[in-house]
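Encoded as structure tokens, the structure appears first; notes follow it.
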Amino acid sequence: MHSIMPSARLRPSPYYASTIAEGVKSFTTYNHMLMPTGYGKPEEEYWRIINGVSMWDVAVERQIQLLGPDAGRLAQILSPRDLTKCVEGQGKYVALCNHAGTLINDPILLKLADDKYWLSIADSNILFWARAIAAERGLDVAVSEPDVSPLAVQGPKAEDVVASLFGDWVRALKYFWFSETDIEGIPVAVARSGWSKQGGFELYLMDGFKGDALWNLVKEAGRPFDIGPGNPNACERIESGLLSWGGDTDDETNPFEVRMGAYVDLDVPDDVVGIGALRRIKEEGPKRHQLGALMEGQEPTQIGFYWYDIVKDGVKIGDLTNHVWSHRLEKNIGFALVSADVHPGTDVVIDKDGEAVRASLRALPFI
Ligand code: THG
């Protein structure tokens, strides 16, 4: 095996030393950082998310901060979701689109104050994008990447762990809402969110020197609940239908194609980037949509590096984007980005690197 060296261009997370101490076995890169992708017991790590509680270094979910009198205007210009009713302490899942209506990121937007927003981004360079749009529109807003690093606590027992640390008030937090607080001198924002459908919280650490201290506090509080280290889980998120931008999207994907149409409000102002294109796409009808593919065979799939063709009657009708062995369905499953005229119930063949695999398409989520 090669080794990879963290550097200023491949930044370690504030939890890096803790994840090494926990025995992390692999990393991926995301937003120019290293993110743990496993601790050596994939199946145990999966079931812990489903049945217990798991803690994840997701510091790679970087924040792009919009600060200043025009912060709210910039947030709305960047996102075709109506933000007029978004209040302080509220988060929303939003699409960021370019001028062609192509999805360029799918962050959670957090409103910290009238003049302060965070975009908790997926893996693409929104710092440059937001700065460029702000400058071109002549807005009075500073765009930066602040020292903020989320730690996720996910699973059905996550609420008990987070409540035992911060108090029972966290139980009343609504989905994507958050509150700024501190614990033993460590400043954090506590949010009900996270990239799983098993429930949980994200602790947005606001002091990068306190990562190991926060990790240890969560680990201690989680001990009675058998907490263990984990990471955003491919199997759980595909079963649950969560989108991975860049994994399930390509350079032409618009929000309507990947089940994000509910987050596009066509009557937002005309100065919202991409809204003209999105109105046109909506009117013409999107060319593709996203379904689930349930595959035949009992041999757990190996994660592929490329999309596979989905074929019907000898004709390509779309792509299998990400796929995984489902521990709960005991079948290989994946996301299918297919022509809009292909419906759930359709039987197809997936050309998996030369191997023809039969599959049936169905609506998402799987579970
Ligand atoms: N948490 C934080 N930042 C993030 C992610 C996160 N940044 C990167 C990435 N994940 C952003 N993408 C997503 C994608 C889906 C969801 C959250 C972030 C999600 N979707 C639910 C769904 O689709 O069912 C809920 C959507 C809704 O109800 O509005 O949770 O995880 N900090």
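All figures in this text were calculated on a predicted structure; none of them were measured in a lab. Remember, it's 1-based here, ligands and their atoms both numbered in the order they're listed. Side chains are part of it too, since the values below use all heavy atoms of this structure and drop only hydrogens, waters and symmetry mates.
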Q: Return yes when K197 approaches ligand 1 closer than 4.0 angstrom through a heavy atom, no otherwise.
A: yes
(Q) Is it the case that the side chain of D70 and the backbone of D140 share a donor-acceptor pair, with hydrogens and angles ignored and the cut-off at 3.5 Å? (A) yes
Q. In the single-linkage hydrophobic clustering (I, L, V, M, F, W, Y; side-chain heavy atoms under 4.5 Å), do V357 and W307 co-cluster?
A. no
Q: State whether the shortest distance between N or O atoms of Y204 and N or O atoms of ligand 1 falls below 3.5 angstrom.
A: yes
Q: Between R259, R81, E61, flag the one that comes closest to atom 5 (C) of ligand 1 by a heavy atom.
A: E61
**Q.** Nitrogen or oxygen of Y93 less than 3.5 angstrom from that of ligand 1
**A.** no
Q: Give a yes or no on whether a salt bridge exists between R192 and E159, defined as a side-chain N under 4.0 angstrom from a carboxylate O.
A: yes
Q) Just by distance, with hydrogens left out, do S54 and Q154 show a side-chain donor and acceptor under 3.5 Å apart? A) no
Q. Is there a donor-acceptor contact under 3.5 Å from the side chain of D319 to the main chain of T321?
A. no
Q: If the plane angle is over 60° it's perpendicular, under 30° parallel, otherwise tilted; pick one for W215 and Y15.
A: tilted
Q | Test item, G194 contacting ligand 1 (heavy atom, 4.0 angstrom) | A | yes
(Q) If I apply the N/O under 3.5 Å rule, does Y263 come out as touching ligand 1? (A) yes
(Q) Which residue and atom name correspond to the protein heavy atom nearest atom 7 (N) of ligand 1, and how close is it? (A) S120 O, 3.0 Å
Q: Say whether Q63, considering both its backbone and side-chain N or O atoms, lies within less than 3.5 Å of an N or O atom on ligand 1.
A: no
(Q) Quick one, Y263 and D82 - any side-chain contact, counting heavy atoms below 4.5 Å? (A) no
**Q.** Residue part near ligand 1, for W195, under 4.0 Å between non-hydrogen atoms
**A.** both
Q: Go through ligand 1 atom by atom and flag the ones less than 4.0 Å from a non-hydrogen atom of Y30.
A: 8 (C)
(Q) Under 4.0 Å, heavy-atom basis, I'd like to know which part of P150 is in contact with ligand 1: side chain, backbone, both or neither. (A) neither
Q) Should W118 be listed as contacting ligand 1, given a heavy-atom distance under 4.0 Å as the test? A) no
Q. With atoms numbered from 1 as shown, which atoms in ligand 1 lie under 4.0 angstrom from a non-hydrogen atom of D106?
A. 11 (C), 12 (N), 13 (C), 14 (C)
Q | K25 side chain vs G23 backbone, donor-acceptor pair below 3.5 Å | A | yes
Q: Would you kindly specify which portion of I121 sits under 4.0 Å from ligand 1, judged on non-hydrogen atoms: side chain, backbone, both or neither?
A: backbone
Q. So which protein heavy atom does atom 30 (O) of ligand 1 come closest to, and at what separation?
A. F176 CZ, 3.5 Å
Q. Judged by atom type as modelled, is there a donor-acceptor pair below 3.5 Å linking the side chain of R11 to the main-chain atoms of N31?
A. yes
**Q.** Residue from D251, L243, L96 passing side chain to side chain contact (heavy atoms under 4.5 Å, CB included) with L103
**A.** L243
Q: Over 60° means perpendicular and under 30° means parallel, so classify the ring planes of F176 and Y93, tilted if in between.
A: tilted
Q. To which protein heavy atom is atom 1 (N) of ligand 1 closest, and what is the distance rounded to 0.1 Å?
A. E202 OE2, 2.9 Å
Q: Please identify which atoms of ligand 1 are closer than 4.0 Å to at least one heavy atom of Y175.
A: 30 (O)
Q.
Within a 6.0 Å radius of atom NZ on K41, are there more than 12 heavy atoms belonging to other residues, nucleotides or ligands?
A. no
**Q.** 4.0 Å heavy-atom contact, W245 with ligand 1
**A.** no
Q. Would you say L242 and ligand 1 have an N/O pair spaced under 3.5 Å apart?
A. no
